[in-house]
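Because only heavy atoms are used, hydrogens play no part in the values below, and waters and symmetry mates are left out as well, while side chains stay in. Proteins get letters first, then strands, A, B, ... in listed order; numbering begins at 1 in each.
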Protein chains: 2
Amino acid sequence: MPPASPPDPARVSRDADAVGDRGRRHGSATVTPPAVAVSVDLVLLTLRAGRLCVLLIQRARRPADWALPGGFVDGDEDLDASAARRLVDATGVTGTGHLEQLRTYGGQRREPLTCGVSVAYLALLPNLPQPPPRPARRPDGHWWPVEELAAPGGPILAVDHRRIVIDGVERARAKLEYTPLAAAFCEDEFTLADLRRVYEAAWGVGLDAPNFRRKVLSTPGFVVPVGRRTSPRGGGRPAELYRRGMATALHPPLLRRSV
Amino acid sequence: MPPASPPDPARVSRDADAVGDRGRRHGSATVTPPAVAVSVDLVLLTLRAGRLCVLLIQRARRPADWALPGGFVDGDEDLDASAARRLVDATGVTGTGHLEQLRTYGGQRREPLTCGVSVAYLALLPNLPQPPPRPARRPDGHWWPVEELAAPGGPILAVDHRRIVIDGVERARAKLEYTPLAAAFCEDEFTLADLRRVYEAAWGVGLDAPNFRRKVLSTPGFVVPVGRRTSPRGGGRPAELYRRGMATALHPPLLRRSV
DNA sequence: ACAAAAGTGTTGTCAATACACCCATGT
DNA sequence: ACATGGGTGTATTGACAACACTTTTGT
């Protein structure tokens, strides 16, 4: 973001207190702060058929109008807890994948109807038992390949959800470089080829299998061998199985070729 | 963040609509969403005397209670604009440095009095004309070296502001690796030694000057030479002056030694 | 049954690159 | 004293070749 965009001069130094108007609440004359609606939106990413996909929900009363799963945050609810709850609601699965806060969007840029701030979360999930469960009245959810969002004929997204998805995808692509989060896209046990295909799908590139193997195995805590092999499926040498290790960062990172 | 922490079962699927309760607003029976107070908090970082420092404000009625500058967001105000306004309020300078959103904190973890969500912003600034201007009634602001925050005798921070500062410092340290943002800590024109001292102060390490020079100059768009030199100050060969270039990322990055 | 072919995963080699460490020179 | 330029050894990486294990296909 470029440096401070020129602020509205009428607003500068409106507060006498540099701590902000929040400080007034400690005084004798308590003012009620402006309250706004806070919602949580989820960017759920997974790999399906070798393509990076995001879960979008088709709104009931708006044909061809797609939105991210999410909803309002309860007043006393923790943001992370709210996001975790919405994740279970939308997918029906629990205890798998990775969930982290992405960014908060808000202010004038949003549609008047949904004015307020939206705290976006990013989740990386293995290929779920599709389609996600549909309780009664639950709108239809579809996994959209992220490349199709920009293409003609793609879904029309609500409010600023397209921007949120773009940010989430870029965050995921970047995090693959310096964290072992690629394993969050895989099942509990996976092969190095599975892991490599995560990178290839997310980055849209081809990776050299031997080099990838060397890199992953030489990074302590990235993966740990299970000691078993895949049962041969359709031909080819059975691959060794791995689980994700305890590393939280990759040193040195697994960098993308050029950007 | 580990996978979805076990959500409150009583809450799961409380909504019949997977889009979330937000969807109800499009129906005939409009419910008022729970509204909470949204504030903006700023982590302002700069370099002073070779140390990375953060600006803290001493609250009026609470001795030894320090807080980040910030305040409530107006209902119709853009988050980024609000942060930019607070930045000018706190420092008195405009159009310099770098400002970006850091993360949003909220929910139960916050003090009851300041319940609600706080959108934290991170600013990287050159050494400002110190101390920051003090209009009447403005509480005293001090630049605290970030190492002293963890040391005994350091400031006692309000609410979760210590966590916010830690996150902001780590974000800044990480961003120095793969972006040219180190220049945001410098004046408009700077020497490569100035730039190197940014890295050394932020990371708490010593860097080899020749290697650093090679690395920076070989990264296109990191810095551009001005064509002048510093007037010799106190002995030593005058250094060439540079401005920051137009690059937005460093490829390959300038990695920290081990983490 | 047997052999050959094809598909997949694993191991090994080599060159190009990037980097840490050190020395030399100019002002 | 400090900025700048150059040199050398080591570690990492990219490209590619070779090998191992399995299924499929043909005779």
Side-chain angles (χ1 to χ4, degrees), chain A residues 50 176-178 182 186-187 189-201 203 205-243 247 249-259, chain B residues 50 176-178 186 189-201 203-220 222-242 249-259:
Chain A
L176 292 187
E177 289 190 314
Y178 55 94
C186 300
E187 305 290 339
E189 297 183 352
F190 51 87
T191 70
L192 291 184
D194 293 333
L195 198 64
R196 179 167 46 84
R197 276 185 273 270
V198 171
Y199 282 90
E200 292 176 331
W203 291 349
V205 299
L207 295 180
D208 183 81
N211 292 338
F212 181 81
R213 173 188 184 79
R214 184 178 51 186
K215 176 67 181 174
V216 171
L217 294 184
S218 70
T219 303
F222 195 167
V223 297
V224 291
V226 171
R228 283 182 290 108
R229 292 169 173 273
T230 54
S231 47
R233 45 172 196 273
R237 175 175 175 174
E240 283 194 63
L241 286 171
Y242 296 86
R243 294 175 179 273
L250 267 36
H251 288 281
L254 185 49
L255 295 175
R256 284 178 275 188
R257 213 83 173 94
S258 81
V259 171
Chain B
L176 291 187
E177 290 189 315
Y178 55 93
C186 299
E189 298 182 353
F190 51 88
T191 69
L192 292 184
D194 293 333
L195 198 64
R196 178 168 45 86
R197 275 185 273 270
V198 171
Y199 283 90
E200 292 176 332
W203 291 349
V205 299
L207 295 180
D208 183 81
N211 291 337
F212 182 81
R213 172 187 183 79
R214 252 189 318 208
K215 177 68 182 173
V216 171
L217 294 184
S218 69
T219 303
F222 195 167
V223 298
V224 291
V226 171
R228 285 182 289 107
R229 290 170 173 273
T230 54
S231 48
R233 48 172 194 270
R237 177 173 175 176
E240 284 194 64
L241 286 170
Y242 296 86
L250 266 37
H251 287 280
L254 211 161
L255 295 175
R256 283 178 275 188
R257 238 338 178 199
S258 81
V259 170

Within this structure, what is the [atom1]-to-[atom2] distance between [X] and [N], rounded to whole angstrom?
X        : N      : atom1 : atom2 : result
A/Leu207 : D/dG14 : CG    : C1'   : 11 Å
B/Arg196 : C/dA20 : CZ    : P     : 14 Å
A/Leu192 : D/dA20 : CG    : P     : 20 Å
B/Leu241 : D/dT4  : CG    : C1'   : 15 Å
B/Tyr199 : C/dC19 : OH    : C1'   : 16 Å
B/His251 : C/dC19 : NE2   : P     : 13 Å
B/Leu255 : D/dA11 : CG    : C1'   : 13 Å
B/Phe212 : C/dA18 : CZ    : C1'   : 16 Å

Touch class at under 4.0 angstrom, heavy-atom based, for B/Arg229 against every strand present: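 The answer is nothing, as B/Arg229 stays clear of every strand by at least 4.0 Å.
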Residue whose closest nucleotide on DNA chain C lies nearer the 5' end, A/Thr191 versus B/Pro238: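 Per heavy-atom nearest nucleotide, the more 5' residue is A/Thr191.
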Sequence-distant partners of [X], side chain to side chain donor-acceptor pair (under 3.5 Å), two or more places apart:
X        : answer
A/Glu187 : none
A/Arg197 : none
A/Asn211 : A/Asp208, A/Arg214

Pairs touching residues 208-237 of chain A that satisfy ring-ring contact (aromatic ring centres under 6.0 Å, His included), sequence neighbours left out: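 Sorted result for residues 208-237 of chain A: A/Tyr199-A/Phe212.
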Which atom of A/Glu189 lies closest to which atom of A/Val226, heavy atoms considered: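 That would be OE2-CG1, 3.8 Å.
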Side chain to side chain contact (heavy atoms under 4.5 Å, CB included), paired with A/Phe190, selected from A/Leu241, A/Leu195, A/Val198: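 When A/Leu241, A/Leu195, A/Val198 are each tested with A/Phe190, the side chain to side chain contact (heavy atoms under 4.5 Å, CB included) holds only for A/Leu195.
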Those residues that, when tested against A/Arg213, pass salt bridge (Lys or Arg N to Asp or Glu O under 4.0 Å) (two or more places apart):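 Salt bridge (Lys or Arg N to Asp or Glu O under 4.0 Å) list for A/Arg213, sorted by chain: empty.
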Polar pairs (N or O, both sides) under 3.5 Å between protein and nucleotides 11-14 of chain C?
| residue | atom | partner | partner atom | Å |
| --- | --- | --- | --- | --- |
| C/dT11 | OP2 | A/Arg213 | NE | 3.1 |
| C/dT11 | OP2 | A/Arg213 | NH2 | 2.5 |

Under-4.0 Å side-chain N/O to phosphate OP1/OP2 contact, A/Lys215 with D/dT12: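 So the side-chain polar atoms of A/Lys215 never come under 4.0 Å of the phosphate oxygens OP1 or OP2 of D/dT12.
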